[in-house]
Every structure is written in C-alpha cells, then in structure tokens.
Participant: 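One structure follows; several queries about it will come next.
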Amino acid sequence: MKRYLKITPEGTKDFLFAECAAMDDVCGRIETVFAGRGFKRVITPGIEFYDVFSLPCSGIAQEDMFKTTDNKGRLMVVRPDSTLPIARMVATRLQHNLMPVRLYYKQAVYRNHPTLTGRRNENMQMGVELLGVKGIRADLEILTTAVETLRAVATDFRVELGHAEVFDALSDELPIDDSYKEKIRLTIEGKNYSALNNLLDRLAPCRAVSAIRSLPSLFGGEEVFEQARAICSGTKAADALDYLHTVYSSLRSLGLGDKLIIDLGLVQRNDYYTGMVFTGYISGIGDAVLSGGRYDELLSEFDMPMGAAGFALDTDAVTLKTLADAEVSYSDNPDVLVYAADGCEMQAIEQVAKLNATGKKAQFSVLPTLEETQAFAQQRGIKEVLTVGES
C-alpha cells in the first residue's frame with residue numbers, strides 16, 4: 001500500500017517563512033480595519049454537522065463538502081463556509097444579545113473542487129457579518145468596510161455592484177420552475193452567453209426574456225441605470241434598480257467613482273442573497289478576491305429571522321499577490337547574529353534581548369563555533385555577527 005508521507009493532499013499547500021510573514025501582514029492590516037469598524041472576532045468549529053450546510057439556500061453542493069462521521073455515526077463536514085456556522089452561532093449562543101451585532105472571522109474553509117480547475121481545496125478567509133439590521137445604512141456600512149479592506153491591502157482595486165432582486169423579479173415573470181431558473185442563473189454567472197441564449201430561445205418571446213438576455217451586457221457606470229430602466233420598467237426589478245442607484249450615488253460621494261462598476265449580471269446564489277451583492281477585484285489577480293451581499297432570509301432557517309449582510313475575502317490570494325510584488329520584502333533575516341564564546345551563552349542571550357528592545361532585530365547563534373556562525377551569516381546574507389565573551 002502506497003504511503004503518502006511526503007506530499008500534501010490535492011488542493012492544499014505548505015506556507016513557509018516569507019509566505020507566513022506576508023500572510024500575517026495582510027491579515028493584520030485587515031484585522032485593523034475590522035476592529036476599527038467595531039467588529040468582534042469569533043471562531044467556529046472546523047467540523048460541523050452536515051445539517052448546517054444542507055439547507056436549500058446554502059448554495060453548497062453535497063459533493064463539494066469533505067465529510068466524516070462522529071462516534072455516534074452522525075454525518076459531519078469539514079467547514080466549507082463561515083457564514084452558515086455564524087448564523088447558527090447567532091441563533092443559539094447570541095440569541096439574547098442586543099442587536100445589531102458585528103462579527104468577524106479569520107479561518108480556513110474547505111471545498112472539494114474537481115482536479116485541474118486551478119482552485120485550492122483549502123482557503124484562508126477573513127470576513128465580516130452585520131446581523132440584526134436591514135436598510136441602506138447597514139448596506140453602506142458593509143460596502144464601505146469592504147472598500148476600506150481592499151484599500152488596506154491594495155492600491156489598484158475595483159468593486160462591482162449588483163442586486164439579487166433584479167434577476168429574481170425578471171425570472172419570476174417566466175413560466176419556468178426553480179430548476180430551469182437556476183440553469184439560467186448559472187449561465188449568467190459563468191458568462192456562458194451561448195448556453196444562456198439556448199435556454200432563453202426555448203421560451204416564448206416576452207419582455208422578461210429580452211431583459212434577462214440583456215443582463216450580462218449591463219455592465220459599467222452611471223449609464224447602466226438608464227439602460228436597465230428601459231427594459232425593467234413596470235416590474236419589481238425597477239425598485240431594486242432605484243435602490244442600487246441610491247447606494248451607488250452614496251459611494252460615489254466618497255470619491256469612489258473610479259473604483260465602482262455596476263454589474264447587473266452579478267447573480268450569485270439567488271436562493272441565498274436577497275438584496276445588494278458585490279465582488280471585489282485586485283489588479284494582478286484574475287478571480288474576485290472579495291464577495292458578499294445581503295442575505296435576510298438565512299437566519300429564518302435557524303428560527304431567528306433578522307436582517308443580515310456580510311462579505312468574505314480570500315486572504316491566500318492576496319498574500320500570494322503581495323509576495324509577488326517586487327517592492328515588498330518579507331525577509332526573516334536578523335540584522336545581527338550574536339555568537340557566544342564558551343560559558344557566555346546567557347550573556348549573549350541577554351544581549352539579544354537588549355538589541356531587540358532597541359528595535360534592532362537580533363538572533364542568538366546556536367552553532368558551536370564562531371567560524372560556523374560567520375559562514376552561516378554569509379550564506380544567509382546577515383550583515384553583522386556580534387561576539388560575546390571574546391575580544
């Protein structure tokens with residue numbers, strides 16, 4: 001039987017040295033933003049009962065989850081998402097807490113992606129959840145927190161805004177079941193216009209079919225609202241457009257106009273999101289690094305209905321991008337390596353502490369001779385070797 005002693009499972013990787021330093025830096029900057037906005041950290045278990053993620057609105061396919069059983073034979077999964085466990089936590093541990101509540105997390109999620117897709121099965125995420133409140137104030141708080149988060153880790157970024165109700169309202173006018181509606185949504189989400197046209201061509205021509213066919217092309221700035229109103233007038237989608245326009249105008253007043261894009265083809269998990277949706281992109285990273293929106297129906301599944309909104313950011317992707325930036329260095333080299341003559345080890349360790357206290361990064365040499373210490377320093381590029389106990 002083959003033993004897998006020297007490889008990691010597919011979709012995972014080891015993070016070493018500079019990678020860990022970069023991740024600590026990225027996460028630290030994000031945590032500063034979250035804490036500054038009043039969000040409090042929580043940690044959910046790495047394994048949960050399958051029932052938490054089997055809800056119809058979870059949007060997580062059963063085959064995408066890593067499963068196991070407990071000692072009673074109950075089905076468990078390795079955490080594939082952080083929002084659902086936090087919803088469970090709020091409905092139980094925090095059910096008597098004064099609302100609204102602001103929470104943030106920093107933890108890995110696990111999804112079983114098919115091989116050769118370029119995606120990882122283990123991803124570190126950070127995100128926030130604002131629960132117990134609805135309305136534009138809450139939405140603007142989440143969106144501006146997302147913008148501040150992106151700004152903390154990148155200078156060149158953009159945010160795409162959409163509204164789940166636009167697609168929902170238009171698709172509700174069609175004589176189709178939920179399964180067919182989901183097929184249409186997935187083709188729009190995947191930018192598969194050929195498949196979208198094939199699905200819509202099977203339906204009788206009408207205003208809703210024409211409007212849905214146009215959604216992927218409704219992408220850009222202020223002009224998108226005028227174009228969308230022309231095809232959505234008289235439907236519930238018009239109300240969603242008006243709300244989205246108000247949010248967009250509010251954010252533009254903060255000088256974010258060049259960072260904002262309206263995308264009415266943003267139709268993520270329509271059985272999960274109920275209002276505004278958004279994604280964040282950073283220059284140099286092909287996929288979205290941040291995604292979120294409003295999901296007011298989720299807590300009802302836990303018998304505690306309330307407004308809720310949040311977002312998650314892929315810190316792994318941001319970390320790797322940060323490492324690729326030539327202007328950023330995460331060297332773990334000390335400024336000075338301190339060697340102790342025989343019998344002077346404790347004096348040398350005390351000297352290291354004194355140097356570190358002054359802001360000079362020092363490290364105690366554990367090598368047995370000065371010659372080996374000097375050779376090690378040369379190979380590592382450490383500029384200074386300090387000897388304690390010898391002239």
Side-chain angles (χ1 to χ4, degrees), residues 22-43 82-83 86 100-107 109 123-163 221 243-263 266 268 273 275-285 287-295 307-323 325 327-328:
M23 179 170 287
D24 288 345
D25 178 32
V26 167
C27 291
R29 284 185 264 167
I30 295 171
E31 282 189 286
T32 298
V33 173
F34 290 173
R37 305 293 289 243
F39 292 88
K40 305 297 183 183
R41 187 180 178 190
V42 294
I43 301 173
S82 289
T83 298
I86 287 177
V101 62
R102 299 167 180 251
L103 306 175
Y104 85 86
Y105 55 87
K106 180 177 70 174
Q107 55 194 28
V109 295
N123 278 96
M124 179 64 72
Q125 289 184 346
M126 293 186 69
V128 302
E129 312 291 351
L130 178 56
L131 304 113
V133 64
K134 300 179 182 180
I136 193 167
R137 289 177 175 84
D139 285 351
L140 290 175
E141 174 67 357
I142 285 295
L143 282 164
T144 54
T145 301
V147 169
E148 191 175 344
T149 300
L150 289 169
R151 184 174 281 145
V153 296
T155 55
D156 190 2
F157 65 88
R158 74 176 190 271
V159 176
E160 297 182 359
L161 298 173
H163 199 294
Y243 182 83
L244 186 61
H245 198 178
T246 301
V247 170
Y248 176 76
S249 298
S250 298
L251 293 176
R252 279 180 61 88
S253 71
L254 298 177
L256 297 173
D258 61 331
K259 305 291 188 185
L260 300 177
I261 296 174
I262 299 301
D263 182 5
L266 198 59
Q268 304 162 307
Y273 290 110
M276 58 115 187
V277 290
F278 57 94
T279 54
Y281 292 84
I282 290 175
S283 178
I285 302 177
D287 292 330
V289 298
L290 182 149
S291 64
R294 174 154 294 281
Y295 49 94
F311 67 81
L313 182 136
D314 183 349
T315 58
D316 284 354
V318 177
T319 295
L320 296 176
K321 170 64 174 64
T322 302
L323 279 168
D325 189 340
E327 296 180 1
V328 178

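Being a predicted model, the structure only gives us computed values, none of them experimental.
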Participant: Could you give all pairs that pass the salt bridge (Lys or Arg N to Asp or Glu O under 4.0 Å) test and reach residues 22-34, with sequence neighbours left out?
Facilitator: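 Pairs touching residues 22-34 that pass the test: Asp25-Arg29, Glu31-Lys106.
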Participant: Taking the ring centre of each residue, are Tyr104 and Phe34 less than 6.0 Å apart?
Facilitator: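 Distance test on ring centres: under 6.0 Å, yes.
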Participant: Does any non-hydrogen side-chain atom of Ile136 lie less than 4.5 Å from one of Tyr243?
Facilitator: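 Yes, close enough: below the 4.5 Å cut-off.
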Participant: So, do Leu290 and Val159 sit near enough that their side-chain heavy atoms are less than 4.5 Å apart?
Facilitator: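 Heavy-atom side-chain distance check fails, nothing below 4.5 Å.
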Participant: Is a side-chain N or O of Thr315 found less than 3.5 angstrom from the main chain of Met124, in a donor-acceptor match?
Facilitator: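 Judged by distance alone, yes, a pair lies under 3.5 Å.
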Participant: Test Thr149 against Arg37 for side-chain contact (heavy atoms from CB on, under 4.5 Å), laying out the working first.
Facilitator: CA-CA 11 Å; Thr149 300; Arg37 305 293 289 243; over 6 Å; no
Participant: Apply salt bridge (charged side-chain N to carboxylate O under 4.0 Å, His left out) to Arg102 and list each qualifying residue two or more places apart in sequence or on a separate chain.
Facilitator: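 By the salt bridge (charged side-chain N to carboxylate O under 4.0 Å, His left out) rule, Arg102 matches Glu141.
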Participant: Would you say the side-chain atoms of Asp263 pair up with the backbone N or O of Gly162, donor to acceptor, closer than 3.5 Å?
Facilitator: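 Checking the backbone N and O of Gly162 against the side chain of Asp263, no donor-acceptor pair under 3.5 Å is found.
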Participant: Any chance you could measure Leu313, atom CG, to Asn123, atom CG, to the nearest 0.5 Å?
Facilitator: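 Output value for this atom pair is 11.0 Å.
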Participant: Is there a side-chain contact (heavy atoms from CB on, under 4.5 Å) between Leu150 and Val289 once you walk through the steps?
Facilitator: CA-CA 9 Å; Leu150 289 169; Val289 298; 4.0 Å; yes
Participant: Which residues pass the ring pair (Phe, Tyr, Trp, His ring centres under 6.0 Å) test with Tyr295, sequence neighbours left out?
Facilitator: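 By the ring pair (Phe, Tyr, Trp, His ring centres under 6.0 Å) rule, Tyr295 matches Tyr272.
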Participant: Can you tell me how far the OG1 atom of Thr246 sits from the CG atom of Leu140, to the nearest 0.5 Å?
Facilitator: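 Atom-to-atom, Thr246:OG1 and Leu140:CG are 9.5 Å apart.
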Participant: Would you compute the distance between atom OG of Ser283 and atom CZ of Phe157 and round it to the nearest 0.5 angstrom?
Facilitator: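 Atom-to-atom, Ser283:OG and Phe157:CZ are 12.0 Å apart.
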Participant: Asp314: what forms a salt bridge (charged side-chain N to carboxylate O under 4.0 Å, His left out) with it, not counting sequence neighbours?
Facilitator: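 Applying salt bridge (charged side-chain N to carboxylate O under 4.0 Å, His left out) to Asp314 gives none.
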Participant: Side chains of Ile86 and Val42: does their closest heavy-atom pair fall under 4.5 Å?
Facilitator: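 Side-chain contact under 4.5 Å: yes.
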Participant: Could you list the residues that satisfy ring pair (Phe, Tyr, Trp, His ring centres under 6.0 Å) with Tyr248, not counting sequence neighbours?
Facilitator: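 Applying ring pair (Phe, Tyr, Trp, His ring centres under 6.0 Å) to Tyr248 gives Phe225.
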Participant: Closest heavy-atom contact between Ala317 and Ile285?
Facilitator: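 Shortest heavy-atom separation between Ala317 and Ile285 comes out as O-CD1, 3.6 Å.
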Participant: Would you call Leu161 and Leu143 a side-chain contact if the rule is heavy atoms closer than 4.5 Å?
Facilitator: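 Of all side-chain heavy-atom pairs linking Leu143 with Leu161, at least one is under 4.5 Å.
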Participant: Return the minimal non-hydrogen interatomic distance between Tyr281 and Ala288, and the atom names on each side.
Facilitator: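 Scanning both residues completely, I find the closest heavy atoms to be CE2-N, 3.3 Å.
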Participant: Identify the two heavy atoms, one from Leu130 and one from Val133, that lie closest to each other, and give their separation to 0.1 Å.
Facilitator: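 It is CG-CG1, 3.9 Å.
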Participant: In sequence, state the C-alpha distance, the side-chain angles, and the governing distance for Lys134 and Asp139, and then conclude on side-chain contact (heavy atoms from CB on, under 4.5 Å).
Facilitator: CA-CA 8 Å; Lys134 300 179 182 180; Asp139 285 351; over 6 Å; no
Participant: For the atom pair CD1 (Ile142) and CE (Met276), what is the distance rounded to the nearest 0.5 Å?
Facilitator: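 Interatomic distance, Ile142 CD1 to Met276 CE, rounded to 0.5 Å: 6.5 Å.
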Participant: Only counting residues at least two apart or in another chain, list the ones meeting salt bridge (charged side-chain N to carboxylate O under 4.0 Å, His left out) with Arg158.
Facilitator: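 Arg158 satisfies salt bridge (charged side-chain N to carboxylate O under 4.0 Å, His left out) with Glu160 only.
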Participant: What's the shortest heavy-atom distance between Ala146 and Phe278, and which atoms?
Facilitator: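 Closest approach of Ala146 to Phe278: CB-CE1, 3.9 Å.
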Participant: Side chain of Ser253, backbone of Ser250: donor and acceptor closer than 3.5 Å?
Facilitator: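 Side chain of Ser253 to backbone of Ser250: a pair is present.
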Participant: Could you measure the distance from the OH atom of Tyr273 to the CZ atom of Arg294? Nearest 0.5 Å is fine.
Facilitator: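 Interatomic distance, Tyr273 OH to Arg294 CZ, rounded to 0.5 Å: 11.5 Å.
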Participant: Hey, could you give me the CZ/CD distance between Arg41 and Gln107, rounded to the nearest 0.5 Å?
Facilitator: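 Atom-to-atom, Arg41:CZ and Gln107:CD are 8.0 Å apart.
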